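Each remark here refers to the structure printed beneath this line.
Note that the coordinates shown come from a computational prediction; the quantities given were computed from them, not determined experimentally.
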Amino acid sequence: MIKRELIASLANREEGPVTVAGWVEKVRDQRYVQFVVLRDESGAAVQLVNGGVVRELDPNSEDPKDADRHVRTTAISEVATGSFVIVSGELQKNERVKLGGIEVQIDKFEVVTAADPETPVAPDSGIDVRLDWRFLDLRRPEQALIFKIQTTFLQALRNVWVEKGFIEVQTPKLMASASESRAELFQLEYFDTTAYLAQSPQFFKQMAQAAGFGGIFEVGPAFRADPSFTSRHATEFTSVDCEFSWIESHEDVMQLHEELIVAGFTAVKEKHGAEIERLFGQTLEVPTVPFPRIPLAEAKEIVKERGYEVPRNDADMDPEGERQIHAYVKEKYGHDFVFLTDYATSIRPFYHMRHADDASLTNSYDLIYRGVEISTGAQREHRITVLEQQTVEKGLDPKEMSFYLDFFRHGVPPHGGFGMGLARVLMLMLEQSSIRETTYLFRGPTRLQP
């Protein structure tokens, strides 16, 4: 490994020799002094200073260091923004320097890889241009911070799961049949048959319950052939999934879900709170528990009283209704999260358990965060005779679903779980305009590159 110091650690170092490396963010090439702003993967930047400017070599110079100064001066004059360099010099404290009160007096300036002088991305470039040149866009400190936050958030969730004895699994993304319905499925040739890209790991999560794993979790890709161009939809996204046994109702799932959210937000606030405030201009709040819970039918009445009637033909809530119920919850409870519960059977998958006293409703929920649905959870139906009946009612062929239904012919405990869209959580947490900002490489109906 090249021996160097991360720029973020320089503030805690004593003055003295130091080596840093990163990409050139800005150059001020003045007559007698040169300034370079260098940034590295820590997200921090430092000012580099070359005070020994030698523009032209004096053939009569008796100072052997003049040649080195000339090489350094020329290299700094010619370096393009975005080039990667290694710099050795003297770290000095200087209160007049706006970048953290420190600077590095340059002794050696080495260009590792030179960038093209013309950058294709400008500060005012639109999202499509920035996505075309995503690797350059990700150099922005706020973009890099998003994925540091993602790492911290997921690690906090994993810590909760592991402490509870959950097992991490990686399920296949090629399937022989649909996991929910044939809508929004990507179909592809698979040797002499047809395969589908998994909409979710649902069937395999439930198989783990039949296998006696108990609690399991997965963070992995999911695919939806959805031609939507909204700020919250993608054709490939990262799904955070969890499933566990021996629950009594979907209330158990909601309790674990909110515990995970709180753990994730707490870890992010502790580690990145100051950076979030500096780069995104907001103070991250850790939600209190329990999250409000409102049955869907009641929620629709609430938004109707607020002057908005959901115009859908089915029993579901629409995006504006979700925004309206968030406004209500924020006003009444001061909370950014709300569980909408007890969704109608007609709009839920065949594997959701129905109410014992009302078969038109399911033991399920959607988690709404700042007016956007980020997750669906439910208690699953584990009785084979009921599952077979519900499969037929949903218009699915039990023979085609036989591999899934077979799980339940050999004993499965009561269980439930949820799937949550990671990019949506980050988008809302950081008040970004689109999941394109919080997805490493976005995939949508018209985007397959980079």
Side-chain angles (χ1 to χ4, degrees), residues 180-184 199-200 224-234 237 249-251 253-254 257-258 261 287-288 290-379 390 393-395 418-421 423-425 427-429 431-435 444-445:
E180 296 187 15
S181 72
R182 292 206 174 277
E184 301 181 353
Q199 297 166 306
S200 82
R224 297 288 171 95
D226 185 348
S228 297
F229 290 88
T230 74
S231 62
R232 63 189 189 278
H233 286 95
F237 60 94
S249 75
H250 54 309
E251 174 62 33
V253 183
M254 288 188 284
H257 202 161
E258 63 190 7
I261 292 289
T288 58
F291 297 176
R293 290 145 165 79
I294 304 175
L296 180 60
E298 181 181 332
K300 294 177 80 170
E301 287 300 316
I302 290 171
V303 301
K304 185 176 180 180
E305 291 174 3
R306 294 176 62 88
Y308 178 75
E309 188 164 1
V310 178
R312 297 180 64 117
N313 294 324
D314 59 19
D316 208 352
M317 184 71 87
D318 70 346
E320 179 58 29
E322 292 173 348
R323 288 188 285 270
Q324 288 288 334
I325 200 65
H326 164 254
Y328 166 81
V329 169
K330 189 70 173 178
E331 292 167 6
K332 184 170 183 177
Y333 302 104
H335 216 289
D336 282 323
F337 289 86
V338 57
F339 287 115
L340 298 186
T341 66
D342 306 325
Y343 277 69
T345 300
S346 60
I347 57 173
R348 285 310 207 199
F350 73 95
Y351 51 80
H352 281 196
M353 181 175 282
R354 299 176 182 180
H355 279 208
D357 56 354
D358 186 350
S360 69
L361 299 177
T362 59
N363 291 356
S364 69
Y365 67 85
D366 276 2
L367 178 55
I368 310 300
Y369 176 30
R370 289 181 168 168
V372 178
E373 179 255 308
I374 61 170
S375 180
T376 295
Q379 180 176 14
Q390 292 181 182
E393 289 176 2
K394 287 291 183 177
F418 66 83
M420 180 170 68
R424 287 192 185 186
V425 176
M427 174 187 75
L428 297 161
M429 176 192 291
E431 298 185 19
Q432 295 297 286
S433 60
S434 170
I435 62 170

- Message: When you compare the side chain of P292 with that of K332, does any pair of heavy atoms fall below 4.5 Å?
- Response: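 No, every pair of side-chain atoms sits at 4.5 Å or beyond.
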- Message: Does any part of the side chain of F339, heavy atoms only, come nearer than 4.5 Å to the side chain of E258, both counted from C-beta?
- Response: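 E258 reaches F339 side chain to side chain.
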- side-chain hydrogen bond (donor to acceptor under 3.5 Å, both in side chains) with S346: which residues, sequence neighbours excluded?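 By the side-chain hydrogen bond (donor to acceptor under 3.5 Å, both in side chains) rule, S346 matches no residue at all.
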- Message: Among N363, T345, T376, exactly one meets side chain to side chain contact (heavy atoms under 4.5 Å, CB included) together with H352. Which residue is that?
- Response: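 The side chain to side chain contact (heavy atoms under 4.5 Å, CB included) with H352 is passed solely by T376 among N363, T345, T376.
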- Message: Can you tell me how the ring of F337 sits relative to the ring of Y369, calling it parallel under 30°, perpendicular over 60° and tilted otherwise?
- Response: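 Rings of F337 and Y369: parallel, as their planes differ by under 30°.
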Check this for me, if you would: do [X] and [Y] make a salt bridge, where the nitrogen-to-carboxylate-oxygen distance has to be below 4.0 angstrom?
X: E431; Y: R370; value: yes
X: R306; Y: E331; value: yes
X: D342; Y: R293; value: no

- Task: Please step through side chain to side chain contact (heavy atoms under 4.5 Å, CB included) for the pair R424 and H233, ending with a clear verdict.
- Result: CA-CA 9 Å; R424 287 192 185 186; H233 286 95; 3.8 Å; yes
How close do [X] and [Y] get, heavy atom to heavy atom, and via which atoms?
X: M317; Y: A299; value: CE-CB, 3.9 Å
X: I302; Y: I294; value: CD1-CG2, 4.2 Å
X: G321; Y: V303; value: O-CG1, 3.7 Å
X: I374; Y: L428; value: CG2-CD1, 3.5 Å
X: S375; Y: G419; value: OG-O, 2.9 Å
X: D226; Y: P445; value: O-CG, 3.8 Å

- Message: Would you say the ring centers of F418 and H257 fall short of 6.0 Å from each other?
- Response: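 Between H257 and F418, which both carry aromatic rings, the centre distance is below 6.0 Å.
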With no hydrogens and no angle check, is any side-chain donor or acceptor of [X] less than 3.5 Å from a backbone partner on [Y]?
X: Q432; Y: S434; result: no
X: E184; Y: R224; result: no
X: H335; Y: T288; result: yes

- Message: The test is side chain to side chain contact (heavy atoms under 4.5 Å, CB included); show your working for T341 and M254 and say whether it passes.
- Response: CA-CA 10 Å; T341 66; M254 288 188 284; 3.8 Å; yes
What distance separates [X] [atom1] from [Y] [atom2], expressed to the nearest 0.5 Å?
X: F237; Y: M420; atom1: CZ; atom2: CE; value: 12.0 Å
X: K300; Y: L340; atom1: NZ; atom2: CG; value: 11.0 Å
X: R348; Y: M353; atom1: CZ; atom2: CE; value: 15.0 Å
X: I347; Y: S364; atom1: CD1; atom2: OG; value: 7.5 Å

- Which residues satisfy the salt bridge (Lys or Arg N to Asp or Glu O under 4.0 Å) test with K330, sequence neighbours excluded?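 Counting only residues at least two positions away or on another chain, K330 forms a salt bridge (Lys or Arg N to Asp or Glu O under 4.0 Å) with D336.
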- Task: Not counting sequence neighbours, which residues clear salt bridge (Lys or Arg N to Asp or Glu O under 4.0 Å) with E301? List them please.
- Result: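 Checked E301 against salt bridge (Lys or Arg N to Asp or Glu O under 4.0 Å); zero matches.
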- Message: Please evaluate residues D318 and Y308 with respect to the criterion side chain to side chain contact (heavy atoms under 4.5 Å, CB included), reporting the C-alpha separation (whole Å), side-chain torsions for both, the decisive distance (0.1 Å), and the verdict.
- Response: CA-CA 11 Å; D318 70 346; Y308 178 75; 2.3 Å; yes
- How far apart are the C-alpha atoms of F291 and L367, what are their side-chain angles, what is the distance that settles it, and do they pass the side chain to side chain contact (heavy atoms under 4.5 Å, CB included) test? CA-CA 9 Å; F291 297 176; L367 178 55; 4.0 Å; yes
